[in-house]
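FYI, the numbering just counts along the sequence from 1.
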Amino acid sequence: MLSQIVSALGVVVVAVFACSAYFYFSNKILDWSLPVKDGDIHSAARNLNRRAMIRPWLFIGPALLLLVVYLVYPVVATLILSFYDRSGEQFVGFANYQWAFTDREFRQSIFNNILWLAVVPAACTFFGLVIAVMTDRIWWGNIAKSIVFMPMAISFVGASVIWKFIYEYRGGNDVQIGLLNAIVQLFGGTPQVWISVPFWNNFFLMIILIWIQTGFAMVILSAALRGIPEETIEAAVIDGANGWQIFWRIMVPQVWGTIAVVWTTITILVLKVFDIVLTMTNGQWNTMVLANLMFNWLFRGGGDSGRSAVIALIIMLAVTPIMVWNVRRANRELGGH
């Protein structure tokens with residue numbers, strides 16, 4: 001443990017030193033290569049202009065390089081691989097795409113992803129907003145916020161393990177140690193293997209992600225709510241508005257931009273959901289989602305780079321409209337100001 005901490009600190013120190021050295025020496029080299037001589041005014045002015053044009057690229061150059069290496073290149077390589085066979089050697093045209101849209105498991109994954117997209121972002125945003133409003137009205141609001149935010153510190157796998165105990169089922173006459181089955185049995189119901197119940201098991205898995213991400217939505221929306229002028233709320237109260245009307249007609253419209261950002265962030269996270277499904281069901285009982293299906297085709301059974309590339313491209317295409325919409329909305333807001 002100690003060696004890992006020391007290693008991590010060493011990496012941080014070396015990285016900071018390397019970045020500082022790069023920026024210092026690159027600027028020194030730029031100044032040396034484009035000198036400003038006192039005797040030649042025109043040459044000095046020309047070199048100053050060139051410095052001003054080149055210097056920003058020294059700062060964003062490493063970021064652009066990393067963007068190309070870790071984002072642009074993988075996208076292009078994935079697109080090319082989608083037209084090749086499982087080994088990535090023989091060109092097969094659109095055969096992988098044809099497989100994707102005729103495969104039952106792929107269609108089930110698409111349906112499940114749509115279901116996750118319809119439920120999780122909306123639920124997280126709604127509960128986060130409601131909790132943010134309610135906790136601002138009670139004296140122990142900060143304690144409540146800390147409790148709600150706490151699951152954010154847990155990994156998806158760790159959260160799944162916790163919820164496995166909640167959904168746990170014991171057969172025969174064994175005592176039910178799962179919280180949900182214990183409650184059901186207490187009220188005279190029949191215990192169930194909840195994560196194997198078709199269709200509804202998807203919602204049981206969604207609850208885990210909602211439990212984790214509601215804290216994130218609450219913190220962001222709580223900060224936005226604090227930016228609403230008190231005069232607006234007071235004027236609404238004087239006009240006779242009740243709490244419900246203030247919430248929907250005063251608060252929500254004024255934090256709508258923040259709500260859109262939170263919804264977008266959680267939507268992108270949902271498209272990448274992987275750990276929860278893998279830990280809880282491994283995609284069994286019709287719970288497979290695209291990220292897990294891509295993992296299965298990429299690493300299991302010898303791997304199939306062609307079909308996994310198709311699934312990866314579909315996930316990226318699903319994210320693209322959301323990102324475009326978000327960028328356009330941000331540009332409109334900046335243009336409005």
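Proximity of a side-chain donor or acceptor of Arg50 to a complementary backbone N or O of Leu34 within less than 3.5 Å is not detected. Put simply, the side chain of Asn181 gets close to the backbone of Gln192: a donor and an acceptor are under 3.5 Å apart. Listed for the Thr214 side chain is no donor-acceptor partner under 3.5 Å among the backbone atoms of Trp211. A donor-acceptor contact shorter than 3.5 Å links the side chain of Gln284 to the backbone of Thr281. Counting only distance, with no hydrogens or angles, the side chain of Asp304 and the backbone of Trp297 share no donor-acceptor pair below 3.5 Å. Although no hydrogens or angles enter the test, the distance criterion places no donor-acceptor pair under 3.5 Å between the side chain of Asn96 and the main chain of Val310. Side chain of Asn292 to main chain of Gly283: no donor-acceptor pair is present (N/O by atom type, distance under 3.5 Å, no hydrogens or angles). Without hydrogens or angle criteria, Arg86 side chain to Arg307 main chain gives no donor-acceptor distance under 3.5 Å. A donor-acceptor pair under 3.5 Å is formed between the side chain of Lys164 and the backbone N or O of Thr279.
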Q | Verdict with reasoning, Ile143 to Ile147, per side-chain contact (heavy atoms from CB on, under 4.5 Å) | A | CA-CA 6 Å; Ile143 299 174; Ile147 295 172; 4.2 Å; yes
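Pairing each heavy atom of Ile154 with each of Gly158, the nearest pair is CG2-C, 3.7 Å. For the residue pair Leu209 and Leu269, the shortest heavy atom distance occurs at CD1-CD2, 4.1 Å. The two atoms that bring Met294 and Ser308 nearest to each other are CG-O, 3.5 Å, heavy atoms only. When all heavy atoms of Ala100 and Phe106 are compared, the closest pair comes out as O-CD2, 2.7 Å. Between Cys124 and Ala217, the shortest heavy-atom contact is O-CB, 3.5 Å. Shown here for Asp85 and Ser305, the closest heavy-atom pair between the two residues is O-OG, 3.6 Å.
Taking CG of Leu79 as the start and CE of Met316 as the end, the distance is 8.0 Å to the nearest 0.5 Å. How far CG of Asp275 is from CD1 of Ile212: 9.0 Å, rounded to the nearest 0.5 Å. To the nearest 0.5 Å, the span separating OG on Ser109 from CG on Asn296 amounts to 9.0 Å.
In Phe295, the CZ atom is crowded: over 12 heavy atoms of neighbouring residues, nucleotides or ligands sit closer than 6.0 Å. Within 6.0 Å of CD in Gln98 there are 12 or fewer heavy atoms belonging to other residues, nucleotides or ligands. The number of heavy-atom neighbours closer than 6.0 Å to CZ of Phe127, taken from other residues, nucleotides and ligands shown, is 12 or below. More than 12 heavy atoms of other shown residues, nucleotides or ligands fall within 6.0 angstrom of atom CZ in Phe199. Under a cut-off of 6.0 angstrom, the local environment of OH in Tyr22 is crowded, with over 12 non-hydrogen atoms contributed by other residues, nucleotides or ligands. Counting heavy-atom neighbours within 6.0 Å of Phe23 CZ, excluding the residue itself, gives a total above 12. The environment of CZ in Phe91 is crowded: more than 12 heavy-atom neighbours from other residues, nucleotides or ligands sit within 6.0 Å.
The shortest distance between side-chain heavy atoms of Leu66 and Leu71 does not fall below 4.5 Å. Residues Asn27 and Arg55 are in side-chain contact: their nearest non-hydrogen atoms beyond the backbone lie under 4.5 Å apart. Side-chain contact check for Ile311 versus Leu298: every heavy-atom pair is 4.5 Å or farther apart. A heavy-atom distance below 4.5 Å is found between the side chains of Met218 and Phe149. Considering only heavy atoms from C-beta on, Leu64 comes within 4.5 Å of Trp57 through its side chain. Counting heavy atoms from C-beta outward, Asn286 and Arg104 have side chains that approach closer than 4.5 Å. Here the side chains of Asn201 and Met280 are not in contact, with every heavy-atom distance at 4.5 Å or above. Residues Trp163 and Ile166 meet the side-chain proximity criterion, which asks for heavy atoms closer than 4.5 Å.
Taking the six-membered ring for Trp and thresholds of 30 and 60 degrees, Phe83 and Tyr97 have ring planes inclined between 30 and 60 degrees apart.
Tracing side-chain contacts under 4.5 Å through hydrophobic residues (I, L, V, M, F, W, Y), one never reaches Ile276 starting from Met150; they form parts of separate clusters. Linking ILVMFWY side-chain heavy atoms closer than 4.5 Å, directly or via other members, places Val92 and Ile80 in two distinct hydrophobic clusters. When the side chains of ILVMFWY residues are joined at heavy-atom separations under 4.5 Å, either directly or via intervening members, Leu205 and Phe156 end up in a single hydrophobic cluster. The cluster map of Ile, Leu, Val, Met, Phe, Trp and Tyr, joined by side-chain heavy atoms under 4.5 Å apart, puts Met251 and Val261 in different clusters. Follow the hydrophobic side-chain contacts under 4.5 Å out from Leu180 and you reach Ile162 in the same cluster.
With ring centers used as reference points, Tyr167 lies 6.0 Å or more from Trp194.
For the 3.5 Å distance criterion, the side chains of Gln108 and Asn112 qualify, holding a donor opposite an acceptor.
Between Ile259 and the choices Ile220, Thr264, Leu221, the side-chain contact (heavy atoms from CB on, under 4.5 Å) rule is met once, by Leu221.
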